[in-house]
Every structure is written in C-alpha cells, then in structure tokens.
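Data block below; observations after.
Sequential numbering from 1 along the given sequence is applied to the chain's residues.
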Amino acid sequence: MLKSIKTSEANRSVVAGLTAKLGMGPENLIARIAFAYSISQGRKLNLCDVQDSKGKEYSSKVLFGDYPAFYIALICQHYGLHKTDYDISKYIKMHIDDGLNLISEMTKENPNLPLFDFVVEQIDRGLKSL
C-alpha cells in the first residue's frame, strides 16, 4: 500500500504558487487536480522519465483522503496494471508532476484563469467527449 508520494523538487514551488494563485486552501487539492488533469489527457507516461522526489511530500491519507482505491484504480485502468503492482506509486507521482507542469503552463498563458473556471471547463470537455 502507498505510504506517501513526493513531487519533484522543481514542483515544490509550483505547488505553493498554484495554491496561492488559484486561491486554494490546502496544497493537497492542487495535487489531486493535477493528477486528475494529467490522467484525463490520455497520455501514458514512461517510467524512465520519472523525476526526482525531493519536493512536496503528501501522505497517502492527505493526498487521497478516504479514497485511495479510486486513485489506484485509475492508474491500474490507464496502464493495465494489477492493484499490487510495485510501480503504481511512481505512476501516481509522475501524473501529479505532469499535471502540475500542465496547469502551471496554462496559468502562465492565462494569468487571470480562476480555478473554478478551469475545473468547470475540464468537466465540460469530458462530458462532451462522452
């Protein structure tokens, strides 16, 4: 079972910056959104590209709340893995880092983008694709 996940060192400041810029409360919220956003892009990340783990650390409970099985299931479905696969935590970490990078770039391009608008837009895109 997962104990904790750490972002890359480069994303330590991204977590704090996005949390402040988007007016979020706890920093784990941006990590959850980043994970979901990265997975929603449909790309499969390569384990060879995993970044360092010197950044923001989240315990499993803080990051996933009462629903770690759902996050693990998303990774398992996306990569065709079993829930006990050793690399699940690496994939989760990579998708958090990837999502943080994507959202950071998006906010650089649109500095006045409110978090609520971003989330609603992504949900709308997902619903339209059904």
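Between Tyr91 and Leu47 there is a side-chain heavy-atom pair separated by less than 4.5 Å. For the pair Thr7/Gln51, no side-chain contact is recorded, criterion being any heavy-atom separation below 4.5 Å from C-beta on. Side-chain atoms of Phe35 and Leu63, non-hydrogen and from C-beta on, never get closer than 4.5 Å to each other. The shortest distance between side-chain heavy atoms of Lys61 and Asp66 falls below 4.5 Å.
Scanning all heavy atoms of the two residues, the minimum distance from Val14 to Leu100 falls at CG1-O, 3.9 Å. For the residue pair Ile103 and Ala34, the shortest heavy atom distance occurs at CD1-CA, 3.8 Å.
With salt bridges taken as basic N to acidic carboxylate O contacts below 4.0 Å, none links Arg12 and Glu9.
Judged by distance alone, the side chain of Tyr58 and the main-chain N or O of Glu27 form a donor-acceptor pair under 3.5 Å. Of the possible donor and acceptor atoms, one in the side chain of Lys93 sits under 3.5 Å from a partner among the backbone N and O of Asp52. A donor-acceptor pair under 3.5 Å links the side-chain atoms of Asp97 to the main chain of Ser8, judged by distance alone. Panel note: side chain Ser40, backbone Tyr37; a donor-acceptor pair is recorded below 3.5 Å.
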Check your understanding: Can you list the steps and then say if Ile75 with Ile39 is a side chain to side chain contact (heavy atoms under 4.5 Å, CB included)?
Key -> CA-CA 8 Å; Ile75 291 294; Ile39 286 284; 3.8 Å; yes

Exercise for review: Show the numbers, then the answer: is there a side chain to side chain contact (heavy atoms under 4.5 Å, CB included) between Thr19 and Lys56?
Suggested key: CA-CA 13 Å; Thr19 297; Lys56 177 73 179 170; over 6 Å; no

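The cluster map of Ile, Leu, Val, Met, Phe, Trp and Tyr, joined by side-chain heavy atoms under 4.5 Å apart, puts Tyr86 and Tyr79 in different clusters.
Ile92 CD1 to Asp87 CG: the interatomic distance, rounded to the nearest 0.5 Å, is 11.0 Å.
Taking the six-membered ring where the residue is Trp, His78 and His95 present perpendicular rings, their angle passing 60° and hence far from 30°.
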